[in-house]
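Residue numbers start from 1 in every chain, and the chains themselves are labelled A, B, ... in the order their sequence lines are given, proteins ahead of strands. Quantities reported herein were computed from a predicted structural model and do not represent experimental measurements.
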Number of protein chains: 2
Amino acid sequence: MKVTIKDIARIAEVSTATVSKVINHKDEHISDPTRKKILKIMKEYNYIPNTAARSLVTKKTNTIGLIIPDIRNPFFPELARGVEDRANESEYNVIFCNTDDDEEKEEKCVSMLIEKMVDGIIFTASSKRTGEFRRFKNNKIPIILVDRDLDLKHIKGRIKADNRNGAYEGVKHLITCGYKDILFLSGPYTSYTSMERLKGYKKAFKEYSIKYKEENIIEGTYQSGWGYEIIKKLLRQKRKFDALFCGNDLIAIEAIKALQEDGIKVPHEVGVVGFDDIYMSRFIDPTLTTIKQPIYEMGYKAVQMLIETLQGKVNSYQNILLDTQLMIRNSTLKK
Amino acid sequence: MKVTIKDIARIAEVSTATVSKVINHKDEHISDPTRKKILKIMKEYNYIPNTAARSLVTKKTNTIGLIIPDIRNPFFPELARGVEDRANESEYNVIFCNTDDDEEKEEKCVSMLIEKMVDGIIFTASSKRTGEFRRFKNNKIPIILVDRDLDLKHIKGRIKADNRNGAYEGVKHLITCGYKDILFLSGPYTSYTSMERLKGYKKAFKEYSIKYKEENIIEGTYQSGWGYEIIKKLLRQKRKFDALFCGNDLIAIEAIKALQEDGIKVPHEVGVVGFDDIYMSRFIDPTLTTIKQPIYEMGYKAVQMLIETLQGKVNSYQNILLDTQLMIRNSTLKK
DNA sequence: ACAATTAAGGTAAACGTTTAACTTAAATGT
DNA sequence: ACATTTAAGTTAAACGTTTACCTTAATTGT
């Protein structure tokens with residue numbers, strides 16, 4: 001049988017208001033003996049406040065929602081961990097939702113999170129959405145966007161890596177290594193990051209006064225399997241290329257696999273650069289040259305931003321751009 | 001301004017009870033025109049029920065807690081996805097917590113989940129805990145254990161892979177390949193799965209009437225980095241071995257890396273078998289021979305079990321053992 | 001010495017649902 | 001024709017907190 005604030009009040013011979021005040025540290029007007037007595041009884045009876053009742057009146061749940069495409073994509077565990085760590089520091093919990101970049105699921109996630117009255121939402125996805133969410137009409141739940149762009153009323157901030165410059169550095173590295181036919185195995189064009197990386201790709205070419213070829217830019221997906229498939233397809237088509245700049249590490253790793261199966265040597269015949277610097281990129285053979293994003297930090301800072309907004313410490317729109325870093329390993333080679 | 005059930009009732013000119021009944025499909029005694037009218041108004045005014053208020057009276061939150069050591073460990077994203085998918089099918093949400101196998105954090109997680117009044121908990125960890133949770137005194141939240149053993153009052157079921165037999169198959173494979181000095185790079189002994197895998201290791205030796213050496217069994221951790229470090233250390237010590245049976249794929253992958261850095265050929269000089277079959281195990285070089293666990297399925301079925309318990313469909317203790325599968329790839333070789 | 005302030009705590013409404021118990025009118029059985 | 005059942009609702013309490021406002025006694029200021 002659960003013990004409530006009323007039980008505590010009765011046993012301590014005070015009112016529930018008094019108990020509530022000591023629970024919430026609004027106890028300037030509570031005497032020391034009373035406070036101690038209440039705390040002792042609370043501990044003794046193992047009192048656990050009922051969050052539902054509390055939320056009902058305070059309109060706060062101390063819960064935030066995390067919307068991601070798929071936790072199995074190696075980018076997201078790192079992000080999720082950053083989110084959870086920062087959330088926990090401020091006694092927030094995290095409800096997470098996978099959308100598979102599906103609009104219907106996204107909508108459902110948002111609905112669920114609103115019903116659960118989360119205090120805020122961290123939203124990452126690379127989806128096609130352009131419009132408003134249906135359920136957002138009467139709602140004011142603040143949203144922090146991670147690594148994507150979207151125009152919604154509720155957006156209080158945005159945090160992302162400098163995808164354009166990262167891609168620029170990566171492609172520049174390939175060019176200066178001496179690679180000539182550099183394909184861009186892009187993620188979906190609907191994704192904001194893809195487009196930014198594409199800009200970086202083009203910028204690098206421009207800077208070296210090389211004309212890039214439209215057909216060298218190939219749109220794909222971030223789903224596992226695509227990197228492998230596309231290389232197999234290109235090889236069947238006898239497409240000529242000597243370097244790959246990949247939308248993420250997963251694509252890069254799968255591509256390398258596909259190349260090696262056909263006896264093509266990385267980095268000697270084909271150089272490969274990835275994006276993200278996932279943990280495994282150091283363990284494949286050859287180790288992967290890639291653009292490191294501060295993924296954990298992105299999650300951490302997104303929640304930081306959200307909490308500051310919730311506490312009213314900040315109410316202007318915030319936009320954080322984090323630096324990327326070129327990690328040169330063995331999948332590229334100075335020719 | 002949020003629209004409540006009272007607003008809907010007022011507009012539809014019925015009582016809140018009537019509205020509540022149609023919301024919860026307890027509407028046998030509601031006429032069709034009334035029902036439709038209410039539904040229409042709910043949609044029109046974008047009514048979203050307040051879960052806190054509902055939970056307060058029903059004592060249910062439609063939320064489950066997921067406790068794991070670290071989402072960054074490649075085992076857990078797969079599991080988490082299984083959990084979320086099954087949970088969503090029944091309109092449940094998932095709150096997740098990382099414990100880093102730390103007792104204090106575990107305790108804190110449990111506290112938070114109880115306060116949030118989750119309907120049930122999926123608990124995975126490989127920790128040292130033996131006793132009860134402090135906060136569990138007055139509580140009856142059902143727990144399903146995944147891949148671990150623990151003696152708590154609230155445990156309604158357990159689901160795990162057949163670790164012992166999996167390990168047995170893996171070691172047997174190494175033995176029949178002709179490898180002689182097979183080290184076991186184990187996870188922590190405090191983990192239930194480690195001990196089961198150790199039993200499998202011993203069983204295989206016994207079956208082939210080989211005496212295993214105590215010093216070949218090495219206790220480690222599942223933290224990233226250990227697999228690499230231990231191999232470096234063994235090589236410095238000039239330890240003799242020609243095969244590794246690893247506590248998980250991460251250890252195996254790191255070990256292979258460390259071996260290759262020292263010019264040792266896998267599988268020719270040293271054969272390696274992992275455990276889990278994480279996605280990346282197909283992409284490293286050589287591809288990793290490993291014991292596949294049905295990870296997604298474990299998460300999925302754990303929630304299934306939990307929900308059935310919550311619905312009262314089942315109230316006996318359940319114990320599911322899932323089969324593992326030996327995936328022979330290129331890190332082992334028939335000599 | 002008396003008004004004003006402060007310390008310590010109490011009262012009761014409010015938050016938004018659900019649900020057991022009740023009501024009323026119509027339909028049905030015999 | 002009357003009792004019984006059913007259909008279609010309504011009423012109001014309950015869930016466990018928080019909090020604005022109140023009360024009382026003690027302290028302080030002048």
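- Between the P atom of D:dG9 and the CD1 atom of B:Ile8 lies a distance of 17 Å, rounded to the nearest Å.
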Apply side chain to side chain contact (heavy atoms under 4.5 Å, CB included) to B:Asp147 and B:Gln293, showing your working.
CA-CA 11 Å; B:Asp147 213 19; B:Gln293 294 198 67; 4.2 Å; yes

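- Annotation: ring pair (Phe, Tyr, Trp, His ring centres under 6.0 Å) contacts involving residues 57-92 of chain A, sequence neighbours excluded, are absent.
- Between its opening and closing five pairs, the helix from C:dA1-D:dT30 to C:dT30-D:dA1 changes axis direction by 30°, a value rounded to 10 degrees.
- Under the ring-ring contact (aromatic ring centres under 6.0 Å, His included) criterion, B:Phe96 pairs with A:Phe96, not counting sequence neighbours.
- Between the CG atom of A:Leu56 and the C1' atom of C:dC15 there is a distance of 4 Å, rounded to whole Å.
- The interatomic distance linking A:Glu13 (CD) with C:dG10 (P) rounds to 10 Å, in whole Å.
- Between A:Arg35 and A:Asp27 there is a salt bridge, since a side-chain N of the basic residue sits under 4.0 Å from a carboxylate O of the acidic one.
- Here the C1' atom of nucleotide D:dA8 and the CD atom of B:Glu28 are 11 Å apart, to the nearest Å.
- Sorted by first then second residue, the ring pair (Phe, Tyr, Trp, His ring centres under 6.0 Å) pairs that include residues 8-32 of chain A, not counting sequence neighbours, number zero.
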Applying side-chain hydrogen bond (donor to acceptor under 3.5 Å, both in side chains), run through B:Asp7 and B:Tyr47 and close with a yes or a no.
CA-CA 9 Å; B:Asp7 299 320; B:Tyr47 168 71; over 6 Å; no

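- Atom pair B:His29:NE2 and C:dA27:P shows a separation of 16 Å (rounding to whole Å applied).
- One can place CG of A:Asp7 at 13 Å from C1' of D:dC15, the figure rounded to the nearest angstrom.
- Taking 4.0 angstrom as the limit, A:Lys59 places a side-chain polar atom (N or O) nearer than this to OP1 or OP2 of C:dG16.
- The local environment of CG in A:Asp32 is crowded, with over 12 non-hydrogen atoms from other residues, nucleotides or ligands closer than 6.0 Å.
- One atom, CD1 of A:Ile30, and another, C1' of D:dT18, lie 13 Å apart when rounded to the nearest Å.
- The existence of a salt bridge linking B:Lys105 and B:Asp100 is confirmed by a sub-4.0 Å separation between a basic side-chain nitrogen and an acidic carboxylate oxygen.
- Looking at B:Lys301 and B:Glu308, no side-chain N of the basic residue comes within less than 4.0 Å of a carboxylate O on the acidic one, giving no salt bridge.
- If you check residues 31-42 of chain A against DNA chain C, the residues with a heavy atom closer than 4.0 Å are A:Ser31, A:Thr34, listed by number.
- A salt bridge links A:Lys108 to B:Glu91: at least one charged side-chain nitrogen sits closer than 4.0 Å to a carboxylate oxygen.
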Nucleotide-resolved protein contact map, nucleotides 17-22 of chain C, B/S/- at heavy-atom distance under 4.0 Å
BBB---

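- Checked against A:Asn93 for a side-chain contact (heavy atoms from CB on, under 4.5 Å), the options B:Thr63, B:Val118, B:Ile95 give a single hit: B:Ile95.
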